[in-house]
Amino acid sequence: MSERVLVTSALPYANGPIHFGHIVGAYLPADVYVRFRRMLGDDVHYVCGTDEHGVAITLKAEQAGQSYESYVDHWHAVIRDSLARLGIEFDCFTGTAHHRNPYHRELAQQFFLDLQANGYLAERTEEQFYSERSQRFLPDRYVEGTCYHCGHEKARGDECPSCGRFLDARRLKDPRSTIDGSVPVLKATTHWYLDLARARDEWLRAWFESKGADWKPNVRNFVLGDLDELRERAITRDLPWGVPVPAPGSDGKVLYVWFDAPIGYLSISRQYWEARGEPARFEEFWKSADTKLFHFIGKDNITFHAVVFPAMLRGTGAGWILPENVPANEFFNLEGRKFNTSSGWFVPAESVADDPTDALRYALCTMMPETADSEWTWEEYRSRVNDDLADNLGNFATRTLRFVERFFDAAIPALGELTPADRELFDTAEAARDELVGHLHAFRFRQACRALTALGNACNRYYDQAEPWLKVKDDAQRPRAAQVMRVCAEMIGSIAVLSAPVMPATSATLLRALGHVGAPPRFDAIGAAAAQTGRLLPVGAVVGAPLTAAFPKFTDDQGREKSALFLKIAEERVKKELERLRTRADHPVATAPATSAAPAAAIEPLAPGIEFDAFAAVDMRAGTIVAADRHPRADRLLVLSVDLGFETRTICAGVAAAYTPDELIGRRVIAVANLAARKLRGIESCGMLLATDDAEGKPRFLAPDPATPNGARVS
RNA sequence: GGGCCCUUAGCUCAAUCGGUCAGAGCAGCCGUCUCAUACACGGUGGGUUGCAGGUUCGAGUCCUGCAGGGCCUACCA
């Protein structure tokens with residue numbers, strides 16, 4: 001009873017590189033699951049691609065002076081290569097941009113029209129800021145002006161950073177575009193909104209409460225909380241890049257990126273089946289009620305895939321299926337901190353360039369953030385590779401095959417009568433198989449790995465207890481040694497089968513070592529009955545197998561050439577990687593990953609140019625902090641007394657995350673001394689201290705040269 | 001300040017509805033073996049489950065307070 005299974009991994013945004021956090025959250029588990037279901041004989045279709053629209057991409061491409069197409073092409077290629085490096089194999093990996101996927105535009109527009117026809121869209125015309133200079137409408141957060149509540153001069157269009165109130169951008173005084181610095185004008189524009197509350201009340205809540213009942217608890221709880229706070233969401237924007245809105249008079253409008261992105265799952269799939277000349281398969285997967293659809297995502301995407309996208313799919317009335325499960329993962333950290341590519345806190349490709357893909361895949365699976373946040377540590381990586389792969393599984397294969405080479409002319413002996421011990425080991429293998437299958441069905445990848453290594457333990461125990469190295473030297477007992485080797489060879493086959501989803505290359509290497517030919521064996525090749533009917537290896541002797549010749553070579557301490565399934569990671573390697581990581585984090589800009597065609601992701605865009613007069617108007621002075629206290633009503637603020645030579649004044653600074661009050665006493669700082677005073681949660685701040693953010697995003701003060709007296713002006 | 005979550009052996013993590021759940025792996029210690037990358041196998045110490053109370057016949061598992069950590073949010077001129 002094979003099933004039709006449809007799997008998607010979150011579409012990575014074509015605006016920067018991806019790192020282990022993304023891989024372990026949405027791509028590796030999906031890839032493992034897909035390989036697993038294929039081994040079960042299911043009809044599996046696995047879809048992914050890059051998400052290539054949206055404001056962020058538009059702005060970045062413009063800053064880089066590139067066309068939108070070539071900008072997303074660059075990141076599409078970078079991301080595709082990163083995924084390929086980890087052995088992630090999709091049926092199709094294209095994207096949502098029109099030049100890459102001609103089906104996307106039409107399908108996204110059809111979604112819009114269907115939802116509109118079914119009454120899920122509301123249309124409203126409102127005035128919004130427009131930049132004549134850039135010929136574009138400005139999203140609220142790219143407009144800045146004076147707050148109409150508190151008079152703050154640099155309020156953002158969506159909310160005021162000073163008084164904290166949400167703003168109506170149109171009422172800002174002295175508005176400016178933060179993109180091009182021009183003065184925007186108000187212009188009427190029409191937008192469409194998706195009525196999520198209606199979908200929720202009509203059917204979505206009921207659907208989720210039944211369907212989501214056995215989803216991972218972290219996913220279910222999150223969604224249940226979110227269902228109560230659904231608001232309608234705008235699904236269109238004024239932007240030059242994206243899917244054009246299919247409505248009269250909507251020139252210059254596109255579908256909001258969040259709306260068109262998930263439709264990419266469908267359009268990419270359609271593109272694939274069209275190209276293969278089997279267009280009917282597209283709807284077979286996406287519209288058959290018995291297809292099981294799984295969205296693999298990170299936890300930041302839960303609401304979207306469990307609520308919004310289902311609402312869109314069913315809202316069309318077009319018969320699209322809804323997800324069977326959304327096995328979202330939590331977040332993945334690196335050595336105790338969040339991954340942050342731009343500040344150097346990541347695992348660079350060159351650090352793992354020489355490591356086998358399977359070692360990385362296995363280690364990442366054992367660390368997967370299935371129910372809670374988890375982390376990559378180099379020490380843990382070393383332990384997983386050395387303890388589990390090299391010493392347990394790898395060494396079991398090596399000791400068996402080397403033994404066969406030395407004492408049986410490299411011919412795996414024929415299978416004879418099974419002793420109770422033999423039979424018990426076969427049963428253990430079958431039990432391991434059942435466990436692994438159960439775990440993978442339930443998305444428990446860590447436990448699936450555990451089932452595999454547990455079988456390795458059992459195999460090593462069997463080997464030790466059978467003592468073939470003694471029996472092989474005694475003619476009377478030599479047949480028993482032969483049988484033990486045969487059983488161990490069968491176990492290597494079992495390990496190969498169970499490894500296949502997580503470690504496909506290793507699985508193939510092991511099978512080649514055994515001389516296995518033909519299609520890769522499936523789960524039913526495990527167990528005594530399968531062995532006795534020759535499911536995995538011919539019942540008679542197996543001659544001429546490559547044995548350890550198929551394994552990677554290395555040179556041991558004595559300079560002898562040897563082979564092993566997995567090479568070990570030295571302790572020095574861990575130290576070196578930790579050092580490199582810290583060095584990178586201390587000098588993030590200099591060593592940020594080379595992105596040739598595009599600017600480094602996290603460097604803030606340069607502000608619009610100014611004349612000298614504008615700079616000269618800012619009066620900055622050297623000073624010394626003479627007193628420091630926490631702000632009574634703001635966690636992030638410190639209240640500082642700064643000696644500026646001519647006077648000592650009170651300045652509030654948002655540096656509580658980086659400094660304690662005590663350590664700041666006596667610290668030299670540079671202050672903007674002629675800035676208008678402002679009350680910050682009750683305390684007047686007279687000026688501003690200069691700071692830049694460190695690698696962790698914490699503010700760090702700039703200091704004048706020690707020779708500079710307090711009060712000296714910056715020029 | 002408001003909201004949400006977390007804190008289990010040195011380390012990384014398990015324990016469905018409160019009832020042999022106080023566990024596993026690694027590290028440590030002792031021992032055995034030599035086929036194998038000194039690999040493996042056997043044995044073993046180790047936790048008043050952050051702290052203090054409470055509910056219950058019975059609580060890592062529920063409630064309250066405290067300490068520490070994280071996320072969202074306000075305060076970063």
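First the proteins, then the strands, lettered A, B, ... as listed; each starts at 1.
Under the ring pair (Phe, Tyr, Trp, His ring centres under 6.0 Å) test applied with A:Phe20, the options A:Phe332, A:Phe346, A:Trp376 reduce to a single match, A:Trp376.
Put simply, A:Phe403 does not rest on the base of B:rC35: the two rings are not both less than 5.5 Å apart at their centres and under 30° in tilt.
Across all strands shown, B:rU64 forms a Watson-Crick or G-U wobble pair with B:rA52, both key distances being under 3.5 Å. Remark: B:rC11 base-pairs with B:rG25; criterion is Watson-Crick or G-U wobble with both hydrogen-bond distances under 3.5 Å.
Of the candidates B:rU12, B:rG42, B:rA40, B:rA40 carries the atom nearest the A:Asn460 side chain, counting heavy atoms from C-beta on. Listed nucleotides B:rU34, B:rC35, B:rU12 differ in distance to A:Glu380; the shortest reach to its side chain belongs to B:rU12. Nearest to the side chain of A:Arg406, among B:rC39, B:rA36, B:rU34, sits B:rA36. With B:rC41, B:rC13, B:rA24 as the candidates, the nucleotide lying closest to the side chain of A:Arg450 is B:rA24.
Note on A:Leu567: a base of the nucleic acid sits closer than 4.0 angstrom, heavy atoms only. Backbone-only contact: A:Lys473 has heavy atoms under 4.0 Å from sugar-phosphate atoms and none from a base. A:Asn395 comes within contact range of at least one nucleobase, with a heavy-atom separation under 4.0 Å. Among the protein residues, A:Gly687 comes within range of the sugar-phosphate backbone only, with heavy atoms under 4.0 Å from sugar or phosphate atoms but none that close to a base. Across all strands shown, A:Asn386 has no heavy atoms under 4.0 Å from either base or sugar-phosphate atoms. Using a 4.0 Å heavy-atom cutoff across all strands shown, A:Phe331 reaches no nucleic acid atom at all. Among the heavy atoms of the strands lying under 4.0 Å from A:Lys568 is at least one base atom, whether or not backbone atoms are also near.
Using a cut-off of 4.0 Å between Lys/Arg side-chain N and Asp/Glu carboxylate O, A:Asp354 and A:Arg573 are scored as not salt-bridged.
As a whole-Å value, the separation of A:Phe332 CZ from B:rC71 P is 17 Å.
For B:rG45 and B:rA52, the C1' atoms lie 30 Å apart once the distance is rounded to whole Å.
Aromatic ring pairs are classed by plane angle as parallel below 30°, tilted from 30° to 60° and perpendicular above 60°; the pair A:Phe408 and A:Phe403 is tilted.
Toward the 5' end of RNA chain B, the nearer of the two residues A:Lys562 and A:Asp464, judged by each one's closest nucleotide, is A:Lys562. Toward the 5' end of RNA chain B, the nearer of the two residues A:Phe554 and A:Ser383, judged by each one's closest nucleotide, is A:Ser383.
Proximity of A:Arg446 to the phosphate of B:rA14: no side-chain N or O atom is located under 4.0 Å from OP1 or OP2. The side chain of A:Asn457 contributes an N or O atom lying less than 4.0 Å from OP1 or OP2 of B:rC41.
With its glycosidic angle within 90° of 0, B:rG60 adopts the syn conformation.
Side-chain atoms of A:Thr624 and A:Arg668 include a donor-acceptor pair closer than 3.5 Å. Residues A:Asn710 and A:Arg621 bring no donor and acceptor atom of their side chains to less than 3.5 Å of each other. A:Asp388 and A:Thr453 form no side-chain donor-acceptor contact under 3.5 Å, judged by distance and modelled atom types alone.
No N or O donor and acceptor, one from the side chain of A:Tyr463 and one from the base of B:rC41, sit under 3.5 Å apart.
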